[in-house]
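Please read the structure below before turning to the comments.
Numbers here simply count residues along the sequence, with the first being 1.
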Amino acid sequence: MRLGIKEIEQIIPHRHPFLLIDYIEELEPGVGAVGYKCVTFREDFFHGHFPKEPVMPGVLTIEALAQVGAVAILSLEENKGKVAYFGGISKCKFKGKIVPGDKVRLETKIIKSKGPIGIGEAVASVDGKVVVKAELTFAVS
């Protein structure tokens with residue numbers, strides 16, 4: 001199931017310039033999702049991070065992973081119209097950098113969920129190489 005920007009915007013509240021996923025390639029509501037961010041030199045954050053060596057900020061990669069997880073959890077019928085808020089980040093490792101021209105694969109699997117609280121296992125990769133791994137805690141409200 002492929003979701004484009006319009007379908008993603010029907011699920012999560014993020015909008016440009018803070019919507020950090022371009023499309024969802026795989027979605028299993030409540031279980032996980034795989035999305036992509038196609039990084040271009042025109043991204044606003046590259047003006048200051050860093051002008052001579054543009055690198056996507058790690059916190060924005062984490063946010064993109066969280067948005068993919070939010071698509072998965074908010075696709076459940078009982079969560080439609082709700083928001084998934086950050087509750088925490090743990091076991092975060094940055095293993096590489098993301099630069100203009102990269103197509104970033106963003107995968108978040110929901111590994112634990114109890115009531116409105118859950119944890120997602122998130123991995124960002126470029127060309128099959130892991131660049132970020134983390135566990136993301138969320139609260140649905």
Is the shortest heavy-atom distance from the side chain of L136 to the side chain of I89 under 4.5 Å? yes

Going by ring-ring contact (aromatic ring centres under 6.0 Å, His included), name the pairs with one or both residues in residues 57-107, residues two or more places apart or in two chains. none

A124: which residues meet the side chain to side chain contact (heavy atoms under 4.5 Å, CB included) condition with it, sequence neighbours left out? T61, L65, V104, L106, V131, V132

Report the residues that fulfil ring pair (Phe, Tyr, Trp, His ring centres under 6.0 Å) with Y23, sequence neighbours left out, ordered by chain and then residue number. Y36

Considering non-hydrogen atoms only, spot the tightest contact between G69 and I110 and give its length. O-CD1, 4.3 Å

Give the table of side-chain donor-acceptor pairs shorter than 3.5 Å for residues 70-80, with sequence neighbours excluded, one pair per line with atom names and distance.
unit_1: S75; atom_1: OG; unit_2: V71; atom_2: O; d: 2.5
unit_1: N79; atom_1: ND2; unit_2: I73; atom_2: O; d: 2.9

Among residues two or more places apart or on two chains, list those pairs meeting ring-ring contact (aromatic ring centres under 6.0 Å, His included) that have a residue in residues 37-83. none

All salt bridge (Lys or Arg N to Asp or Glu O under 4.0 Å) counterparts of E121, not counting sequence neighbours: none

ILVMFWY cluster membership beyond V99 - transitive side-chain contacts under 4.5 angstrom: none

Qualifying salt bridge (Lys or Arg N to Asp or Glu O under 4.0 Å) pairs with a residue from residues 87-101, counting only residues at least two apart or across chains: E53-K97, K91-E135

According to a hydrophobic-cluster definition based on side-chain heavy atoms being under 4.5 Å apart (Ile, Leu, Val, Met, Phe, Trp, Tyr only), do I119 and V34 belong together? no

Is it true that V31 and V140 fall in one hydrophobic cluster, defined by side-chain heavy atoms closer than 4.5 Å? no

Inter-residue atom distance C38.SG - I21.CD1, 0.5 Å rounding: 11.5 Å

Could you go through residues 9-20 and list every donor-acceptor pair under 3.5 Å that involves a side-chain atom there, pairing it with any protein atom two or more places apart or in another chain?
unit_1: H14; atom_1: NE2; unit_2: E63; atom_2: OE2; d: 3.3
unit_1: R15; atom_1: NH1; unit_2: E9; atom_2: O; d: 3.4
unit_1: R15; atom_1: NH1; unit_2: I12; atom_2: O; d: 3.0
unit_1: R15; atom_1: NH1; unit_2: P13; atom_2: O; d: 3.4
unit_1: R15; atom_1: NH2; unit_2: E9; atom_2: O; d: 2.9

For the residue pair G120 and T108, what are the closest heavy atoms and their distance? CA-CG2, 4.1 Å

Any salt bridge (Lys or Arg N to Asp or Glu O under 4.0 Å) pairs touching residues 99-108, not counting sequence neighbours? R105-E107, E107-K109

How would you list all residue pairs meeting salt bridge (Lys or Arg N to Asp or Glu O under 4.0 Å) that involve residues 31-42, not counting sequence neighbours? K37-E43

With clusters built from Ile, Leu, Val, Met, Phe, Trp and Tyr whose side-chain heavy atoms come within less than 4.5 Å, directly or transitively, what are the remaining members of the cluster of V123, listed by chain and number? V130

